[in-house]
Amino acid sequence: MGTNLNAWSEALAGFYFIGLPLGLVILAAIPLVFIALYSLTYGVYGERKISAFMQDRLGPMEVGKWGILQTIADILKLLQKEDIVPTSADKFLFVIGPGVLFVGSFLAYAVLPFSSAFIGASLNVGLFYAIGIVALEVVGILAAGWGSNNKWSLYGAVRSVAQIVSYEIPAAIALLCGAMMAGTLDMQKITMLQSGTLGFAHFFLFQSPIAWLPFIIYFIASLAEVNRAPFDIPEAESELVAGYFTEYSGMKFAVIFLAEYGSMFMVSAIISIVFLGGWNSPLPNIGSLALNDMTSGPIWGAFWMISKGFFFIFVHMWLRWTLPRLRVDQLMYLCWKVLTPFAFVSFVLTAIWEVYVP
Amino acid sequence: MSNPTYTVIFYLFAAITVCSAAFVVFTRNVIYSAFSLLFTFFGVAALYVFLSADFIAVTQVVVYVGGILVLLLFGVMFTNSIMQTGQKSEVTHIIPGTILLAGIIGALLYTFYTTHGWMPSETTLQGSIVERIGFETMSRYVLPFEMVSILLLAALIGAAFLARFDKSGK
């Protein structure tokens, strides 16, 4: 099996298309696509189950044991649905919107280190790229909302974009605190700096007494960036039907959801990498019981990275069914008058800590 | 840069940049030209990557796509008449435009041929460019940096003042 897979990947890596190493690109993209797909499939399933348990229900139970195949059945259903484009919609923008949205949420996967042996592209500006590329998602949302030619969609898109653009500021400053502790923007290096035999004690969250502040600020801001509750006013169903994707159905709707779960996993991965050690094992070596050494390595790295990502997705869902939605003015108040000043404070304090405390 | 793969990818991105920029200019639909600008900005960012300026490339995406393009789209979308009439832009000033274009192309070609082709930088790039940018900004260029930040702060205060709710006007 192992050798077969190896031979297969080598053959693919050697595949050239008119002089382009297309095979190499495909080879790196395959695991990433699978991670995004799994985060969608189990994200949707998890969301339904978690919401059900929090509301004292059972959730999907029919398809497969405990309804575990429900999402696959849903995807099969969505694939067969008629692809409806509203008559008065701007056809081109309506069709291109979900695609741009998904590409925007998926591009950041290129710089996420999933284990010590696997990273799409180890850029020396990785973290900056991961924050910046979200801009493409913003344009996708605007294209979808405007192309639908529907007032609800347009309001949803404008709300969503205003929210994402505003919350980028506290999020970026909070991540800058992590980058300052690492002294690099390369995500693989940031992760490596947090490895050690003491496990979680090497994580940046526990390396400085102020790190919890940017951690919480980035977590709140990332919730807003992926339009999750309590910041889901772009798709507030009681006011806007479904926000910018009101008019979408079938596979296009599925692609928008794929983008949403993809970006949820993306922000969860970023927060795990910058503050919680990425693919490093959180278990410490206790005396002769070398738990850290036992649970480190490329495969374990991928396991830790993905479980940390899923843990934060779980917290996203947990909050969604716990907290009420904010109003637009409260949302902006929180961003500009609470998160941004505290982000600056944490920035200055982290700088002082890094300079004066060795 | 002799690798044919790089050449092919370079010309691909160059074609994307030029075609989308042409579309920005030639389309009559304002919203399409705004969306087409997205591809132009990404193409330019890709060309920066070919110049080994990854930091500038990402900054290009952050500033132009995340800031300016979104602002532009907001501006176009909040223009009331855009929804009803499908506003068209007129073609005006053809002759001065053509003269200006020919002049710029002529000047560029003249410079290119009189200075014997491309001029590669004398100092070669080594190591990570991000650290270099940080050190240079905070040492040699600290005064321009501070001046730009004061200018931006003034612009920010001015924008907040203009957008403020007018109490006296009711």
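Quick note: numbers below take in every heavy atom, side chains included, and nothing from hydrogens, waters or symmetry partners. Nothing here was measured: the structure is a model prediction, and the numbers come from that model. We name chains A, B, ... by the order of the sequence lines, and we start the count at 1 in each one.
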Original post:
Which residues pass the side-chain hydrogen bond (donor to acceptor under 3.5 Å, both in side chains) test with A:Asp186, sequence neighbours left out?
Top reply: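 Expected list: A:Ser122.
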
**OP:** For each of A:Ile164, A:Val158, A:Ile133, tally heavy-atom pairs with chain B at distances under 4.5 Å, and name the one with the top tally.
**Re:**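 Result: the option with the highest number of such pairs is A:Val158.
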
**OP:** Considering only heavy atoms and a distance below 4.5 Å, find which of A:Val134, A:Ile131, A:Leu93 pairs most often with chain B.
**Re:**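 The candidate making the most pairs under 4.5 Å is A:Leu93.
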
Original post:
Are any of the side-chain heavy atoms of A:Met181 and A:Trp353 separated by less than 4.5 Å?
Top reply: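 The answer is no; the side chains never approach within 4.5 Å.
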
**OP:** Assign the ring pair A:Phe94 / A:Tyr248 to parallel, tilted or perpendicular, where the plane angle (0 to 90°) is split at 30° and 60°.
**Re:**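 Parallel, since the angle between the ring planes stays under 30°.
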
Original post:
Which of these passes side-chain contact (heavy atoms from CB on, under 4.5 Å) with A:Leu127: A:Thr184, A:Ile190, A:Ile273, A:Val111?
Top reply: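 Going through A:Thr184, A:Ile190, A:Ile273, A:Val111 one by one, the side-chain contact (heavy atoms from CB on, under 4.5 Å) with A:Leu127 is satisfied by A:Ile190 alone.
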
Can you tell which part of [X] gets under 4.5 Å to a heavy atom of chain B, answering side chain, backbone, both or neither?
{"X": "A:Leu185", "result": "side chain"}
{"X": "A:Val139", "result": "both"}
{"X": "A:Val165", "result": "side chain"}

Original post:
Can you tell me how far the CD atom of A:Glu137 sits from the CG atom of A:Leu142, to the nearest 0.5 Å?
Top reply: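 Reported value, rounded in 0.5 Å steps: 11.5 Å.
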
Original post:
For B:Phe55, is it the side chain, the backbone, both, or neither that has a heavy atom closer than 4.5 Å to a heavy atom of chain A?
Top reply: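 Both the backbone and the side chain of B:Phe55 come within 4.5 Å of chain A.
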
**OP:** Side chain from CB out, backbone as N, CA, C, O: work out which of these in B:Phe41 comes under 4.5 Å of a heavy atom of chain A, or both, or neither.
**Re:**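 Answer is neither: B:Phe41 stays 4.5 Å or more from chain A.
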
**OP:** Mind ranking B:Leu38, B:Leu69, B:Val63 by heavy-atom pairs under 4.5 Å with chain A and telling me who comes out on top?
**Re:**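 Most heavy-atom pairs within the cutoff with chain A belong to B:Leu38.
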
**OP:** Could you tell me which residues satisfy ring pair (Phe, Tyr, Trp, His ring centres under 6.0 Å) with B:Tyr48, sequence neighbours excluded, listed by chain and number?
**Re:**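 Partners of B:Tyr48 under the ring pair (Phe, Tyr, Trp, His ring centres under 6.0 Å) test: none.
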
